[in-house]
Asker: 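For reference, the structure I am asking about is given below.
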Amino acid sequence: MTNGDITLNVLDGKFSYRVGAIIMDSDQILLAKDKATSFYYTIGGRARFGETAEEAIVREMFEETGLRLEAGELKYVHENFFTSVEGTDYHELCFYFTVQPSSELRQMKQAFFEEPYGEVPLHWIPIHELSALDVYPEFFKTEDLNSNSQFKRFITRNGRTYPASDHESQ
């Protein structure tokens, strides 16, 4: 664990507990994309030991935007089983919360945040363009991110993402 971030070594792999922010403005979603990855992803990161998921997403949004934004409702839970580029097997659990953008965030055009590996630019992406992009999590391409529906849980295993309700038939 780094700075109390919840990533645990377990047997032959790692378990990671993360949070992500679904920040929408009209027909756009705020996503990040750094030079080291091929995909766009939400603002967020690992929860810290002793921190609720809501506290973690508020902290992550502040760290990555410099703004104090409030967590909205829990919209998605994602269980992701994958192998990292380095060959480590991961079991990752991520909670995605809706977040209302502030006027300051809406006006950020050249925003970025710093990570140990460099600058991470933020991008306002039109929702209708998501299906043509490499986006994580993948279900953002097919879900109605603007809907007020109940929360859903997704599982990604062996490169395939499906609703948890379909799990019994897998």
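FYI, the numbering just counts along the sequence from 1.
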Asker: Hey, does Leu30 have a side-chain heavy atom less than 4.5 Å from the side chain of Gln28?
Answerer: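 No, every pair of side-chain atoms sits at 4.5 Å or beyond.
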Asker: For the CD atom of Gln100 and the OG1 atom of Thr98, what is their distance to the nearest 0.5 Å?
Answerer: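 Rounded to the nearest 0.5 Å, the CD-OG1 separation comes out at 6.5 Å.
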Asker: Using only atom types and a distance under 3.5 Å, with no angle test, would you say the side chain of Glu51 pairs donor to acceptor with the backbone of Arg48?
Answerer: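 Yes.
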Asker: Which atom pair, heavy atoms only, marks the closest approach of Thr7 to Ser16?
Answerer: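 Thr7 and Ser16 have their closest heavy atoms at OG1-OG, 3.8 Å.
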Asker: List the atom of Ala71, the atom of Val99, and the distance in Å for their closest heavy-atom pair.
Answerer: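 Nearest heavy atoms, Ala71 then Val99: CA-CG2, 4.4 Å.
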Asker: Taking Glu63 first and then Arg46, would you say they form a salt bridge - that is, a charged N and a carboxylate O separated by under 4.0 Å?
Answerer: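 No salt bridge links Glu63 with Arg46.
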Asker: Do Trp124 and Asp25 have side-chain heavy atoms sitting under 4.5 Å apart?
Answerer: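 Trp124 vs Asp25: side chains touch.
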Asker: If you measure from CZ on Arg160 to CD on Glu138, what distance do you get to the nearest 0.5 Å?
Answerer: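 Result: 10.5 Å between the selected atoms.
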Asker: Rounded to the nearest 0.5 Å, what's the gap from CG on Asn146 to CE on Met24? Could you check?
Answerer: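 Atom-to-atom, Asn146:CG and Met24:CE are 3.5 Å apart.
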Asker: Check this for me: Glu73, atom CD, are more than 12 non-hydrogen atoms of other residues, nucleotides or ligands nearer than 6.0 Å?
Answerer: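 Atom CD in Glu73 is crowded, with more than 12 foreign heavy atoms closer than 6.0 Å.
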Asker: Measuring only between side-chain heavy atoms, which start at C-beta, is Leu69 closer than 4.5 Å to Ser102?
Answerer: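 Yes, close enough: below the 4.5 Å cut-off.
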Asker: Quick check against the 3.5 Å criterion: does Glu55 have a side-chain atom that pairs as donor or acceptor with the backbone of Thr52?
Answerer: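 The answer is yes, because a donor-acceptor pair under 3.5 Å joins these two groups.
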Asker: Rounded at 0.5 Å granularity, tell me how far CE in Met61 sits from CD1 in Ile43.
Answerer: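 With rounding to 0.5 Å, CE (Met61) is 8.0 Å from CD1 (Ile43).
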Asker: Does any non-hydrogen side-chain atom of Phe82 lie less than 4.5 Å from one of Asp89?
Answerer: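 No, side chains not in contact.
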Asker: Side-chain heavy atoms nearer than 4.5 Å, only ILVMFWY residues, links allowed to pass through others: does that put Phe81 and Val85 together?
Answerer: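 No, Phe81 does not connect to Val85 through the hydrophobic network.
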Asker: Grab the two heavy atoms, one from Ser26 and one from Ile127, that are nearest each other, plus how far apart they are.
Answerer: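 Shortest heavy-atom contact: O-CD1, 4.3 Å.
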Asker: Once you round to the nearest 0.5 Å, how far does CD1 of Ile155 lie from OG of Ser165?
Answerer: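 Spacing of CD1 (Ile155) from OG (Ser165) equals 9.0 Å.
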Asker: Pair Thr88, Glu86 - check side chain to side chain donor-acceptor pair (under 3.5 Å), show working.
Answerer: CA-CA 6 Å; Thr88 304; Glu86 298 82 22; 5.4 Å; no
Asker: In plain terms, say whether Glu143 and Lys152 are close enough for a salt bridge, that is, a side-chain N and a carboxylate O under 4.0 Å apart.
Answerer: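 Result for this pair is yes, salt bridge flagged.
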Asker: Hey, mind stepping through Leu31 and Leu122 against side-chain contact (heavy atoms from CB on, under 4.5 Å) and telling me if it holds?
Answerer: CA-CA 6 Å; Leu31 297 174; Leu122 299 176; over 6 Å; no
Asker: Take Leu133 and Phe140, measure what side-chain contact (heavy atoms from CB on, under 4.5 Å) needs, and give me the verdict at the end.
Answerer: CA-CA 11 Å; Leu133 298 173; Phe140 276 22; over 6 Å; no
Asker: With rounding to the nearest 0.5 angstrom, report the CD to CD1 distance, Glu129 to Ile29.
Answerer: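 If I round to the nearest 0.5 Å, the distance is 12.5 Å.
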Asker: Does any part of the side chain of Leu145, heavy atoms only, come nearer than 4.5 Å to the side chain of Tyr76, both counted from C-beta?
Answerer: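 Yes, close enough: below the 4.5 Å cut-off.
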Asker: Decide whether Tyr41 and Ile22 are clustered together by the hydrophobic rule: side chain heavy atoms of Ile, Leu, Val, Met, Phe, Trp, Tyr closer than 4.5 Å, transitively.
Answerer: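 Tyr41 and Ile22: one cluster.
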Asker: Among Thr161, Thr156, Thr37, Asn80, which residue meets the side chain to side chain donor-acceptor pair (under 3.5 Å) test with Tyr136?
Answerer: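 Among the candidates, only Asn80 passes.
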Asker: Just by distance, no angles: are the side chains of Tyr17 and Asp5 close enough, under 3.5 Å, to form a donor-acceptor pair?
Answerer: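 No, no side-chain donor-acceptor pair sits under 3.5 Å.
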Asker: Between Phe139 and Ile125, is there a shared hydrophobic cluster once you connect ILVMFWY residues whose side-chain heavy atoms come closer than 4.5 Å?
Answerer: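 Looking at the clustering, Ile125 is in the same group as Phe139.
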Asker: Heavy atoms only: give me the nearest Asp144-Lys75 pair and the separation to one decimal.
Answerer: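 In terms of heavy atoms, the two residues are closest at O-NZ, 4.0 Å.
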Asker: If I compare all heavy atoms of Ile57 with all of Ala21, which pair ends up nearest, and what's the gap?
Answerer: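 Between these two residues, the closest heavy atoms are CD1-N, 3.5 Å.
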Asker: Following the transitive rule for hydrophobic clusters with a side-chain heavy-atom cut-off under 4.5 Å over Ile, Leu, Val, Met, Phe, Trp and Tyr, establish whether Phe62 and Leu67 coincide in one cluster.
Answerer: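 As far as the 4.5 Å side-chain criterion goes, Leu67 and Phe62 are not connected within one cluster.
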Asker: Any heavy-atom pair between the side chains of Lys33 and His123 that's under 4.5 Å?
Answerer: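 Answer yes - side chains close enough.
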Asker: Answer yes if Val19 and Leu8 sit in the same cluster of Ile, Leu, Val, Met, Phe, Trp and Tyr residues linked by side chain heavy atoms under 4.5 Å apart, and no otherwise.
Answerer: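 Shared cluster, yes.
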Asker: Tell me if a side-chain donor or acceptor on Glu64 pairs with a main-chain N or O of Gly44 at a distance below 3.5 Å.
Answerer: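 At least one qualifying donor-acceptor pair exists.
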Asker: Is there side-chain contact between Tyr96 and Leu74, with at least one heavy-atom pair below 4.5 Å?
Answerer: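 Not touching, per the 4.5 Å side-chain cut-off.
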Asker: Specify the closest pair of heavy atoms between Gly20 and Cys94, including all atoms of both residues, with the distance to one decimal.
Answerer: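 Smallest interatomic distance, heavy atoms only, reads N-SG, 3.9 Å.
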Asker: Which residue is it: Arg153, Glu92, Arg157? I am looking for the one with a side chain to side chain contact (heavy atoms under 4.5 Å, CB included) to Glu79.
Answerer: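 Of the listed residues Arg153, Glu92, Arg157, the side chain to side chain contact (heavy atoms under 4.5 Å, CB included) partner of Glu79 is Arg153.
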Asker: Can you confirm whether or not the ring centre of Tyr162 sits under 6.0 Å from the ring centre of Phe154?
Answerer: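 Ring centroids of Tyr162 and Phe154 are no less than 6.0 Å from each other.
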Asker: Mind telling me whether Phe15 and His91 have parallel, tilted or perpendicular rings, with 30° and 60° as the class edges?
Answerer: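 Perpendicular.
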